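Can you keep this structure in mind? I'll have questions shortly.
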Amino acid sequence: EKEGYEHFMIKEIHEQPKGVSETLLRRLDTDENIVLDGIKLTKEDLENINKVYIVACGTAYHAGLVGRYAIEKFAKIPVEVDVASEFRYRDPFVDDKTLFIAVSQSGETLDTLAALREAKRKGARILSIVNVVGSSVARESDDVFYTWAGPEIAVASTKAYTTQLVAMYLVALHMSSVKGTLTKDQYDGIIKELKTMPEKVKNILDNHTRIQHLADGQFNNESVFFMGRGLDVHVAHEGSLKLKEISYINSFAIAAGELKHGTIALIEDGTLVVALATQDRLYDKMLSNIQEVRARGAFVVGVAKEGNKEIEKTADVVLYVPDTMDELTPILSVIPLQLLAYYIAVARGCDVDKPKNLAKSVTVE
Ligand code: F6R
């Protein structure tokens with residue numbers, strides 16, 4: 001059932017154009033309105049909501065961080081994001097004006113489920129973004145937005161993440177259209193761009209051999225840093241999690257602006273730094289951060305949008321993703337990071353689909 005692929009993970013990475021497209025197209029009618037069948041959230045409901053909580057674990061939490069950006073920017077509602085194991089024990093302020101969004105591939109993650117029950121007890125309206133139909137999280141929610149990633153077998157989540165991003169954008173856009181926070185042109189522009197995502201993801205996948213070669217030269221690193229600004233920092237966290245869980249390399253991610261506040265002390269000759277620089281507004285700032293780490297000997301792999309060539313002067317290697325609007329880049333920029341993690345793990349001889357100490361769905365605390 002790996003259909004010729006060596007591992008489920010790489011098969012699932014390649015299934016992303018399909019997952020993204022299904023998740024998107026099943027929710028758009030012929031006039032490009034978002035149809036959230038079975039998801040009520042009417043104008044009255046949304047008028048009553050003054051706060052959104054997005055709660056999840058691991059990769060789903062990283063999708064939630066992008067969701068916060070989209071909902072705040074498109075729908076102008078304040079959003080907090082929390083990991084489920086923290087949310088459930090900290091007595092968060094939740095009431096009947098709160099919309100609680102649980103994000104979960106399996107729908108069975110114990111902490112996420114417990115957080116959902118806690119929010120429900122406090123009167124929140126519960127919307128979940130779930131991949132597995134009929135799972136516990138789905139059953140206990142008021143509304144469910146199903147992602148259409150299809151079954152995800154590899155422990156490391158890939159296609160669930162990109163479909164969760166699409167779901168987050170659609171929820172944010174739906175809220176914006178009910179609330180009237182975007183102009184028709186803005187709304188149409190985002191939908192139009194979202195529809196190009198499957199093709200753009202495919203384009204990155206078609207060029208995977210460069211990343212494979214890069215991985216073959218970099219798999220011996222003892223530690224890897226990921227950095228970015230704005231939305232890129234959330235993708236940096238996801239790329240770092242992917243790498244550490246399947247390759248066992250000590251990796252972590254920081255907001256590039258935080259470098260000087262401590263982490264730069266760890267950069268030495270040959271340290272691998274993956275620097276995401278896809279946000280136009282923050283591009284120059286990222287170029288300076290890249291210079292800072294290079295000056296201390298780092299080997300920098302930059303991730304940038306096609307056309308932004310200045311980065312070639314500062315980074316050692318640049319992985320390009322197709323051009324798109326800043327708000328939607330996570331769907332694209334995560335792809336080279338997934339591929340990099342995968343090929344590094346393969347080069348290290350790791351059991352990619354079943355990393356040690358990890359289970360696909362965490363139904364215990
Ligand atoms: C990482 C990974 C985990 C899950 C997390 C939540 O690749 O798969 O971090 O994202 O355990 O799982 P779900 O989404 O099933 O609640």
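Keep in mind that what you see is a predicted model, and the values were worked out from it rather than measured. Whatever order the structure lists them in is the order used to number ligands and atoms, beginning at 1.
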R296/E268 ion pair, N-O < 4.0 Å: no
Closest protein heavy atom to atom 15 (O) of ligand 1, given as residue, atom name and distance to 0.1 Å: S106 OG, 2.6 Å
Protein residue, atom and distance nearest to atom 16 (O) of ligand 1, heavy-atom basis: T109 OG1, 2.4 Å
Pair F87 + Y61: ring centers closer than 6.0 Å: no
N-O pairing of D95 and K122 below 4.0 Å: no
Ring centres under 6.0 angstrom apart (Y342, H7): yes
Closest protein heavy atom (residue, atom, distance) for atom 5 (C) of ligand 1: C57 O, 3.6 Å
Closest non-hydrogen atom pair between E238 and V334, with its separation: CG-CG2, 3.8 Å
R90 atom CZ, over 12 foreign heavy atoms within 6.0 Å: yes
Contact (N/O only, under 3.5 Å) between K360 and ligand 1: no
Backbone or side-chain N or O of V155 under 3.5 Å from ligand 1 N or O: yes
Atom 7 (O) of ligand 1: the protein heavy-atom neighbour that sits closest, reported with distance to 0.1 Å: E245 OE2, 2.5 Å
Heavy-atom nearest neighbour in the protein, as seen from atom 14 (O) of ligand 1, with distance rounded to 0.1 Å: Q105 N, 2.6 Å
ILVMFWY cluster, Y187 and M325 together (side-chain gap under 4.5 Å): yes
Aromatic centroids of F252 and F225 separated by under 6.0 Å: yes
Atom indices of ligand 1, in the order listed, that fall short of 4.0 Å to a heavy atom of A60: 10 (O), 14 (O)
Nearest neighbour in protein (non-hydrogen) for atom 11 (O) of ligand 1: V362 CG2, 4.2 Å
Validation row, ring centre Y5 to ring centre H14 under 6.0 Å: yes
Nearest neighbour in protein (non-hydrogen) for atom 4 (C) of ligand 1: T59 N, 4.0 Å
Non-hydrogen atom of K242 closer than 4.0 Å to ligand 1: yes
Geometric N/O contact T112 with ligand 1, under 3.5 angstrom: no
For G58, atoms of ligand 1 separated by under 4.0 Å from a heavy atom: 9 (O)
Atom indices of ligand 1 within 4.0 angstrom of A156 heavy atoms, with elements: 7 (O)
Passing option when K159 is tested against Q105, E152, E15, E12 for side-chain hydrogen bond (donor to acceptor under 3.5 Å, both in side chains): E15
Part of N131 with heavy atoms under 4.0 Å of ligand 1, whether side chain, backbone, both or neither: neither
E108 and ligand 1 - part of the residue with a heavy-atom distance under 4.0 Å: neither
